[in-house]
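Have a look at the structure below, then the notes.
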Amino acid sequence: LISEGPAVLATGGGAFMNDQTRRLIKQEAISIWLKASLEILLERVSRKDNRPLLKQGNPEEIMRALLTKRNHVYKKADIEVLSGNQSHEEVVENVVDKLLNYLEEKNVNATN
């Protein structure tokens, strides 16, 4: 999908944990981590009953363990955007702002 051209790809949290996938994203795309608190994430995932990992015990304990295991890898994303209780429009605006800043910095560094 990355090689098919400009697009927004929403991967699951586990996809970025894969070294090969992360390396490909780093080479060919810009990664953005939509970071949220444990409470926000629990509220979001509780809306649907399609999370097999969370059915294996206490969802809060499982989610806390996943965050402990994954956050250090997620921090490798090119851009980090806090995603809390804001509207979708506000999150998109923050993503666009941070993306533009990232591209501007990258361009400045490439010309120096």
Side-chain angles (χ1 to χ4, degrees):
L1 292 174
I2 288 175
S3 65
E4 291 182 10
V8 174
L9 297 177
T11 66
F16 202 69
M17 295 300 294
N18 179 282
D19 290 336
Q20 184 178 0
T21 300
R22 194 171 52 254
R23 196 169 24 258
L24 179 62
I25 291 170
K26 193 72 164 170
Q27 290 170 354
E28 303 294 332
I30 299 169
S31 56
I32 301 173
W33 175 22
L34 297 177
K35 183 179 180 180
S37 70
L38 174 63
E39 294 76 21
I40 296 289
L41 292 171
L42 282 170
E43 190 274 322
R44 289 177 183 169
V45 299
S46 70
R47 294 180 197 158
K48 293 185 179 177
D49 194 30
N50 63 349
R51 302 287 180 159
L53 280 177
L54 299 180
K55 292 180 182 180
Q56 299 176 8
N58 180 307
E60 183 174 347
E61 290 175 10
I62 294 168
M63 183 68 78
R64 187 181 311 279
L66 284 172
L67 291 177
T68 299
K69 179 180 176 184
R70 293 178 175 183
N71 277 356
H72 75 281
V73 175
Y74 293 166
K75 288 182 182 194
K76 295 178 180 183
D78 297 309
I79 299 169
E80 180 180 317
V81 176
L82 293 178
S83 170
N85 283 325
Q86 310 96 309
S87 68
H88 293 300
E89 292 79 12
E90 290 173 301
V91 174
V92 169
E93 188 175 307
N94 289 337
V95 167
V96 170
D97 288 345
K98 290 213 174 190
L99 181 58
L100 291 173
N101 288 338
Y102 174 84
L103 292 171
E104 185 176 296
E105 284 181 27
K106 194 172 179 181
N107 189 38
V108 167
N109 290 335
T111 59
N112 286 335

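Minimum heavy-atom separation, S83 to A36: O-CB, 3.0 Å. Shown here for G14 and R70, the closest heavy-atom pair between the two residues is N-NH1, 3.6 Å. In terms of heavy-atom proximity, L99 sits nearest to I79 at CA-CD1, 3.7 Å. The minimum heavy-atom distance linking S31 with A77 is given by the pair OG-CA, 3.1 Å. Closest of all the heavy-atom pairs between I62 and Q56 is CD1-C, 3.8 Å.
Looking at heavy atoms from C-beta onward, R23 lies in side-chain contact with Q20 at the 4.5 angstrom threshold. The closest side-chain heavy-atom distance from Q86 to N94 is below 4.5 Å. Proximity of I32 to K98: side-chain heavy atoms (C-beta onward) are nowhere separated by under 4.5 Å. For the pair E4 and L1, the minimum side-chain heavy-atom distance is below 4.5 Å. Side-chain contact between W33 and V73: absent, with no pair of heavy atoms (C-beta onward) separated by less than 4.5 Å. Side-chain contact between L9 and I25: absent, with no pair of heavy atoms (C-beta onward) separated by less than 4.5 Å.
Taking a 6.0 Å sphere around CG of N85, one finds it holds 12 or fewer heavy atoms contributed by other residues, nucleotides or ligands. In this structure, K26 places its NZ atom where more than 12 heavy-atom neighbours from other residues, nucleotides or ligands lie under 6.0 Å away.
Once rounded to the nearest 0.5 Å, the distance linking CG of N71 with NZ of K75 reads 6.5 Å. To the nearest 0.5 angstrom, R64 atom CZ is 11.5 Å from L41 atom CG. Annotation: the span from M17 atom CE to H72 atom NE2 amounts to 5.5 Å, rounded to 0.5 Å. For the atom pair CE of M63 and CD of E39, the computed distance is 11.0 Å after rounding to the nearest 0.5 Å. The CD1 atom of I30 lies 5.5 Å from the OH atom of Y102; values are rounded to the nearest 0.5 Å. E60 CD to S46 OG: the interatomic distance, rounded to the nearest 0.5 Å, is 11.5 Å.
No side-chain donor-acceptor contact under 3.5 Å links T21 to the backbone of F16.
Cluster membership check: L34 does not share its hydrophobic cluster with V92, using side-chain heavy-atom separations under 4.5 Å among Ile, Leu, Val, Met, Phe, Trp and Tyr.
Results of the side-chain contact (heavy atoms from CB on, under 4.5 Å) test with K35 over V81, L82, I40 single out L82 as the only residue that passes.
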